[in-house]
Amino acid sequence: EKLTSGAAWHMDADNSLLHLAVTLHGHRVLHSKRRRSINATTSGSTTRSSGNGRHHHSQTATEILEPQNPRDVYLSSSTLMQHAPQFYNTEYATRVIAIHARILYTSAELNEFRNARTRDSWQTLT
């Protein structure tokens, strides 16, 4: 699925488990899809059984739009959330300049992280 701007919804690779972004120049919009906490009770929520006696609450995701302007900072877990950046047609003088910082994990560290999580706990995170 793509935004009007052409940006595709996606989830980042594992090294964006902790992702810091700083906008230095220009304007963009961060679109994200979020759900209420698993413990929240709302009229729009549903409950499904995982087959192991546990129940998971799910709710239709809400799209959140967060303008990113110079000096704006966000810290997210882009590995675990659907998101899409929206960029505008711009000239050189109004171009977007942003710094994105992620943790560079080794393959061994990523495998250890994945193995330390049960399937249920990973599903809860995502």
Side-chain angles (χ1 to χ4, degrees):
E1 181 182 356
K2 291 193 174 202
L3 295 174
T4 306
S5 67
W9 286 97
H10 66 282
M11 293 169 70
D12 288 355
D14 291 345
N15 64 336
S16 286
L17 195 56
L18 190 59
H19 178 117
L20 174 74
V22 181
T23 302
L24 302 176
H25 189 270
H27 305 278
R28 60 200 173 107
V29 177
L30 176 65
H31 294 247
S32 60
K33 293 184 180 179
R34 300 187 195 164
R35 291 180 169 80
R36 288 190 181 267
S37 167
I38 217 166
N39 295 324
T41 57
T42 65
S43 60
S45 67
T46 59
T47 303
R48 64 179 171 82
S49 174
S50 62
N52 61 3
R54 296 186 182 124
H55 294 280
H56 302 279
H57 296 279
S58 62
Q59 180 183 23
T60 303
T62 301
E63 183 175 343
I64 306 294
L65 282 66
E66 297 174 288
Q68 301 296 307
N69 299 306
R71 297 181 305 278
D72 284 347
V73 176
Y74 70 84
L75 181 65
S76 69
S77 186
S78 302
T79 301
L80 303 175
M81 69 178 217
Q82 288 284 331
H83 64 283
Q86 178 182 0
F87 297 95
Y88 300 99
N89 289 333
T90 186
E91 302 295 325
Y92 183 81
T94 57
R95 70 198 179 279
V96 173
I97 302 172
I99 297 171
H100 292 261
R102 300 165 178 93
I103 297 173
L104 181 59
Y105 294 106
T106 65
S107 295
E109 289 169 326
L110 287 173
N111 287 332
E112 183 179 336
F113 176 76
R114 285 188 204 109
N115 291 334
R117 303 289 174 259
T118 66
R119 183 175 187 88
D120 283 345
S121 68
W122 186 255
Q123 291 301 321
T124 299
L125 286 173
T126 58

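All residue numbers refer to positions in the sequence shown, counting from 1.
- Considering only heavy atoms from C-beta on, Pro85 comes within 4.5 Å of His10 through its side chain.
- Nearest approach of Asp72 to Pro67, heavy atoms of both residues: OD2-O, 3.5 Å.
- With contacts defined as side-chain heavy-atom distances shorter than 4.5 Å, the pair His27/Pro70 qualifies.
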query = Does the side chain to side chain contact (heavy atoms under 4.5 Å, CB included) test come out yes or no for Tyr74 and Glu66, once each step is laid out?
reply = CA-CA 10 Å; Tyr74 70 84; Glu66 297 174 288; over 6 Å; no

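- Between the OG atom of Ser32 and the CE atom of Met11 there is a distance of 12.0 Å, given to the nearest 0.5 Å.
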request  = Run the numbers on Tyr88 and Val96 for side chain to side chain contact (heavy atoms under 4.5 Å, CB included), then give the verdict.
outcome  = CA-CA 9 Å; Tyr88 300 99; Val96 173; over 6 Å; no

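- For His83 and His31, the ring centers are positioned 6.0 Å apart or more.
- Not one N or O on the side chain of His100 forms a donor-acceptor pair closer than 3.5 Å with the backbone of His19.
- Residues satisfying the side chain to side chain contact (heavy atoms under 4.5 Å, CB included) criterion with Thr62, sequence neighbours excluded, are Ile64.
- Counting only distance, with no hydrogens or angles, the side chain of Thr79 and the backbone of Ala13 share a donor-acceptor pair below 3.5 Å.
- Side-chain contact check for Leu17 versus Leu80: some heavy-atom pair is nearer than 4.5 Å.
- In this structure, Tyr105 and Asp14 have side chains that are not in contact, with every pair of non-hydrogen atoms separated by 4.5 Å or more.
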